[in-house]
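Reviewing the structure listed below.
Just so you know, ligand 1 is whichever comes first in the structure, and atom 1 is the first atom listed for that ligand. All values reported here derive from a predicted model rather than from experimental measurement. The figures that follow rest on heavy atoms only: side chains count, while hydrogens, waters and symmetry mates do not.
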Amino acid sequence: MADYYDQISEGYDGLYLEEQKKKLEIIAKYFKPKKVMLDLGAGTCICVMYFKIKTISVDPSAEMLSKGSGTKVKASAESLPFKDNTFSSMICLTAIHHFDVDKAIEQIRRVVKKNSPIAITLLKKSSKFDEIRKKILDSFKVKEYDCLNDVAFIGKA
Ligand SMILES: C[S@@+](CC[C@H](N)C(=O)[O-])C[C@H]1O[C@@H](n2cnc3c(N)ncnc32)[C@H](O)[C@@H]1O
């Protein structure tokens, strides 16, 4: 998957920046991030540009990360190189359908402090939509919001 995103990184913002910003406008009505925020599956770091708070942008695609600014860490959601309780908020925008969701949720629960604000969006057309939706709802105290091509799950870790 990192190879695929490495290849499309050059054109990614041209294709998706506006759409992702519209999703963030919806999310920002309900999600008030606190520093330090984890952006999981950050891609070209659109979230840190939007929220403008101290953020660690994590993605396995070095090329996607190279297009963005701020603090970037090349890593996968299933194996996060951070100590327990490092983060006070988390966002994961249109990326969770790529993860091993069980492992990623375990890692999120480890590195994000309990009761921190979180926002996760899931692509409506994901073939694993129902399965991933259930895992998110079972793992976090979140409500669902329509978010264009995604459903947003917003609440607390
Ligand atoms: C559709 S893009 C979304 C990027 C960004 N969140 C945005 O909204 O523009 C999906 C991102 O998930 C990343 N990704 C894929 N597998 C991942 C994994 N196992 N852990 C973390 N990120 C992953 C990809 O490299 C890609 O940057």
Can you tell me which residue and heavy atom of the protein come closest to [atom], and the distance to 0.1 Å?
atom: atom 24 (C) of ligand 1; result: Y5 CD1, 3.4 Å
atom: atom 4 (C) of ligand 1; result: G41 O, 3.4 Å
atom: atom 22 (N) of ligand 1; result: P60 CD, 3.1 Å

NZ/NE/NH1/NH2 to OD/OE distance under 4.0 Å, K21 and E18: yes
Salt-bridge present (K135, D102; N to O < 4.0 Å): yes
Show me the donor-acceptor pairs, under 3.5 Å and distance only, between side chains in residues 44-58 and residues at least two apart or in other chains.
residue: T44; atom: OG1; partner: D13; partner atom: OD1; Å: 2.7
residue: K52; atom: NZ; partner: M49; partner atom: O; Å: 3.1
residue: T55; atom: OG1; partner: I53; partner atom: O; Å: 2.7

Within the 6.0 Å centroid threshold, strictly below: F153 and F140: no
Ring centroid separation H97 to F129 under 6.0 Å: no
When you measure from [atom] to each heavy atom in [options], which option holds the nearest one?
atom: atom 19 (N) of ligand 1; options: H98, K67, E78; result: E78
atom: atom 20 (N) of ligand 1; options: C92, A77, A62, A95; result: A77
atom: atom 25 (O) of ligand 1; options: T44, D59, V58; result: D59

Partner of D150 by salt bridge (Lys or Arg N to Asp or Glu O under 4.0 Å), out of K125, R133, K23: K23
4.0 Å heavy-atom contact, Y16 with ligand 1: no
Close approach of L40 to ligand 1, heavy atoms, under 4.0 angstrom: no
Relative to the heavy atoms of [X], which atoms of ligand 1 are at a distance of less than 4.0 Å?
X: S61; result: 25 (O)
X: A42; result: 5 (C), 6 (N)
X: T94; result: 1 (C), 2 (S), 3 (C), 10 (C)
X: S76; result: 20 (N)
X: Q20; result: 7 (C), 8 (O), 9 (O)

Among I96, D59, L80, I91, the one residue meeting side-chain contact (heavy atoms from CB on, under 4.5 Å) with L40: L80
Nearest heavy atoms of K113 and S88, plus distance in Å: NZ-OG, 3.1 Å
Closest non-hydrogen atom pair, M90 against V112: CB-CG2, 4.0 Å
How does [X] reach ligand 1, if at all, at less than 4.0 Å between non-hydrogen atoms: by side chain, backbone, both, or neither?
X: Y12; answer: side chain
X: A104; answer: neither
X: I46; answer: side chain

Side-chain donor/acceptor of S126 to backbone N/O of L123, under 3.5 Å: no
